[in-house]
Amino acid sequence: MLDARYVRENPDAVRSAMESRGAGWSVDGFLALDAERRALIAEVETLQASRNESSKAIGALMKEGRREEAEAAKAAVRDVNERIAALEGRTAEVDTEVRELLLTAPNLPDTSVPCGADESGNVEVRRWGTPRVFDFEPAAHWDLGPALGAIDFERGVKLAKSRFVVLGGWGARLNRALINFMLDTHAGHGYTEWSVPALANAETLTGTGQLPKFEDDLFRTDEGLYLIPTAEVQLTNLHRDEVLEAAGLPLHYTAYTPCFREEAGAAGRDTRGMIRVHQFDKVELVKFAAPEHSFEALEEMVRDAEQVLELLGLPYRTVTLCTGDMGFAAAKTYDIEVWLPSYGDYKEISSCSNCTDFQARRAAIKYRDPGAFKGSRLVHTLNGSGVAVGRCLVAVLENYQRRDGSVEVPEVLRPYLGGVSEIGPA
RNA sequence: GGAGAGGUGGCAGAGUGGUUGAAUGCGGCGGUCUCGAAAACCGUUUCACGGGUUACCCCCGUGACGAGGGUUCGAAUCCCUCCCUCUCCGCCA
């Protein structure tokens, strides 16, 4: 959520920021509503002040037994109350409209973010590793996985519906090995591990920005709970309505969770394989940082995610998303893309963002630093995949496959797989 | 799921319609005392929003005693709905 006051005082800056994002958010619509809201509040509060004064006077009259004067005063206050009620009706309406409008505004891009309309405007910042040159025709994971008994697409559909997958045998074990390897790696970098609910309530989803605008992307239970699309939601909301201590910042959190996405509007994209499915596993990184350190915290987070791929020996490149390609809550985002032989290209496997105070304002996450300032201020929240487990599994299978259909196990994963160095058909 | 009890300031805990935003204690902060500390004593200690100012310093106002509604001139106090916590029973990984 944007700071209403900032929008009020910097309408031109906000207008151009919205344009660069390709967001059709109406600054002028906001300004008009905001002005009306403040005028109504001033009027209502003046009337309330006079009512409070009269009520006090009535109390005094009653004590003195001057009943008739008290009755007359009561009648006068009833009039005031009617006017207040009328104004309050409109105030509540305007208040809701202002809030809803603010909740649908995306974050403002940081000044370091390149301008661009879509992913073609993203800027590569670095590459690591060299895509392997195969001396045979490498198989795509949608062929390789089933042949190994590692991935079962048909049964995923049978058990749930299309775009759900089942992992079996080495596939299931490799998946679990990846999760543990990632969590252990992040723990080594000072991240505290959490285990959180896979379902979240509406307030939680609103705190991180999925609601109210993106409800169609979520699975919803008939109790009004939602399946989380990412552990970012839970890790960030852990501190909703809390005031953190500056001395403890930045906080480094990590969690493994399944993630659920409706993928509404993704029809026809990545239909083969398990690149885009309704349920996938992910290890997430979240940080809470003081504003003056959040961008440096973002750089470190990207490195932490990249290291997972480096340890696994998977070639990747990192790009800065341009204004038009960034997510709703982000002020700056780096995507890490892993090399996938089946795509003959790099494919997103991690997205690391600094959301500045955008989520903190929605979720009321603050910090205090008595030596530096009075009261409390909003923290900056960051999140990143560290990394998407399903896509990582795919990357390992495809990049480490051999001519005979077996797959070499990356060194770092062997301790997690009982020491085996290769996996073949079950 | 059934029955009962309860949700008040960082914590504990008063307060059942009228200067109660809220007693008291603890904790925190500042001070006195002390070489220093402890103890004791004194003072202080919520937040949001709106306005004046426009720096979130200060001043005024409004609202907030789980949340939302209602009754009333006036609600922490009365009524309704919802949420949550605790105890017992049931069920259960």
Side-chain angles (χ1 to χ4, degrees), chain A residues 1-11 30-103 195 197-207 221-226 237 239-248 258 290-292 357 360-380:
Chain A
M1 187 162 68
L2 302 180
D3 180 5
R5 182 169 176 171
Y6 179 85
V7 181
R8 190 184 303 147
E9 291 170 1
N10 304 276
F30 168 81
L31 291 177
L33 277 172
D34 179 60
E36 185 182 357
R37 172 176 170 272
R38 285 184 297 146
L40 283 166
I41 286 174
E43 203 175 344
V44 167
E45 289 186 353
T46 304
L47 289 171
Q48 284 174 329
S50 91
R51 177 188 64 191
N52 290 344
E53 207 169 319
S54 301
S55 290
K56 226 176 254 181
I58 290 170
L61 290 173
M62 298 288 273
K63 247 178 210 160
E64 294 169 29
R66 295 152 72 179
R67 301 202 69 90
E68 274 167 40
E69 286 171 74
E71 288 306 322
K74 282 189 190 182
V77 176
R78 269 187 215 110
D79 268 5
V80 173
N81 273 341
E82 272 175 41
R83 289 166 60 199
I84 291 176
L87 287 172
E88 273 181 338
R90 179 57 189 159
T91 304
E93 271 176 42
V94 174
D95 216 54
T96 304
E97 284 176 57
V98 166
R99 179 169 172 75
E100 279 174 2
L101 198 51
L102 275 179
L103 283 177
S195 180
L199 275 73
N201 59 37
E203 205 178 345
T204 297
L205 273 310
T206 303
T221 73
D222 53 16
E223 288 179 303
L225 291 169
Y226 299 83
N237 277 283
H239 292 303
R240 189 172 78 230
D241 297 320
E242 291 183 14
V243 181
L244 308 171
E245 296 296 334
E292 60 271 26
D357 62 9
R361 184 172 292 106
R362 289 170 164 251
I365 310 170
K366 303 180 174 185
Y367 76 108
R368 44 180 245 112
D369 191 353
F373 56 85
K374 227 184 127 184
S376 58
R377 293 182 181 173
L378 296 170
V379 294
H380 281 190

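Order of the sequence lines sets the chain letters (A, B, ...), proteins ahead of strands, with each chain counted from 1.
When distances run from any side-chain atom of A/R8 to the nucleotides B/C56, B/G74, B/G50, the shortest one goes to B/G50. Side-chain proximity of A/N81 to the nucleotides B/G50, B/C73, B/U54 is greatest for B/C73. Nearest nucleotide to the side chain of A/M62, out of B/G18, B/G50, B/U54: B/G18.
Computed from coordinates, the A/N201 CG to B/C82 P distance equals 18 Å when rounded to whole Å.
Side-chain atoms of A/D34 do not come within 3.5 Å of backbone N or O of A/F30 as any donor-acceptor pair.
Under the rule for a ring pair (Phe, Tyr, Trp, His ring centres under 6.0 Å), A/Y226 has no partner lying at least two apart in sequence or in another chain.
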request  = Evaluate the criterion side-chain contact (heavy atoms from CB on, under 4.5 Å) for residue pair A/I365 and A/L378; output intermediate values, then yes/no.
outcome  = CA-CA 6 Å; A/I365 310 170; A/L378 296 170; over 6 Å; no

request  = Begin with the C-alpha distance, continue with both residues' side-chain angles, and end with the deciding distance and a verdict on side-chain contact (heavy atoms from CB on, under 4.5 Å) for A/R37 and A/T91.
outcome  = CA-CA 6 Å; A/R37 172 176 170 272; A/T91 304; 5.6 Å; no

Show me the donor-acceptor pairs, under 3.5 Å and distance only, between side chains in residues 240-247 of chain A and residues at least two apart or in other chains.
unit_1 : atom_1 : unit_2 : atom_2 : d
A/R240 : NH1    : A/T204 : OG1    : 2.9
A/R240 : NH1    : A/N237 : OD1    : 3.2
A/E242 : OE1    : A/H239 : ND1    : 2.7
A/E245 : OE1    : A/R368 : NE     : 3.3
A/E245 : OE2    : A/R368 : NE     : 3.0

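Residue-environment remark: CZ (A/R99) stays at or below the threshold of 12 foreign heavy atoms within 6.0 Å. Around CZ of A/R90, the count of heavy atoms belonging to other residues, nucleotides or ligands within 6.0 Å exceeds 12.
With a cut-off of 3.5 Å on both pairing distances, the Watson-Crick or G-U wobble partner of B/C86 is B/G4. Applying the Watson-Crick and G-U wobble criteria (two distances, each under 3.5 Å), B/C57 pairs with nothing in any strand. Base pairing of B/C78: its partner is B/G70, meeting the Watson-Crick or G-U wobble criterion (both donor-acceptor distances under 3.5 Å). The partner of B/G63, taking Watson-Crick or G-U wobble pairs whose two distances both stay under 3.5 Å, is B/C47. When both pairing distances are held under 3.5 Å, B/C35 makes no Watson-Crick or G-U pair with any nucleotide shown.
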For nucleotides 59-62 of chain B, tabulate all protein N/O to nucleotide N/O atom pairs closer than 3.5 Å, reporting atom names and distance.
unit_1 : atom_1 : unit_2 : atom_2 : d
B/G61  : N2     : A/E45  : OE1    : 2.9
B/G61  : N2     : A/E45  : OE2    : 3.2
B/U62  : OP1    : A/N52  : ND2    : 3.0
B/U62  : O3'    : A/Q48  : OE1    : 3.2
B/U62  : O2'    : A/Q48  : OE1    : 2.7

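Along RNA chain B, the nucleotide nearest A/D34 and the nucleotide nearest A/E9 are compared for position; the residue whose nucleotide lies closer to the 5' end is A/D34. Map A/G59 and A/R38 each onto its nearest nucleotide of RNA chain B; the residue landing nearer the 5' end is A/G59.
At least one side-chain nitrogen or oxygen of A/R37 sits closer than 4.0 Å to the OP1 or OP2 atom of B/G50.
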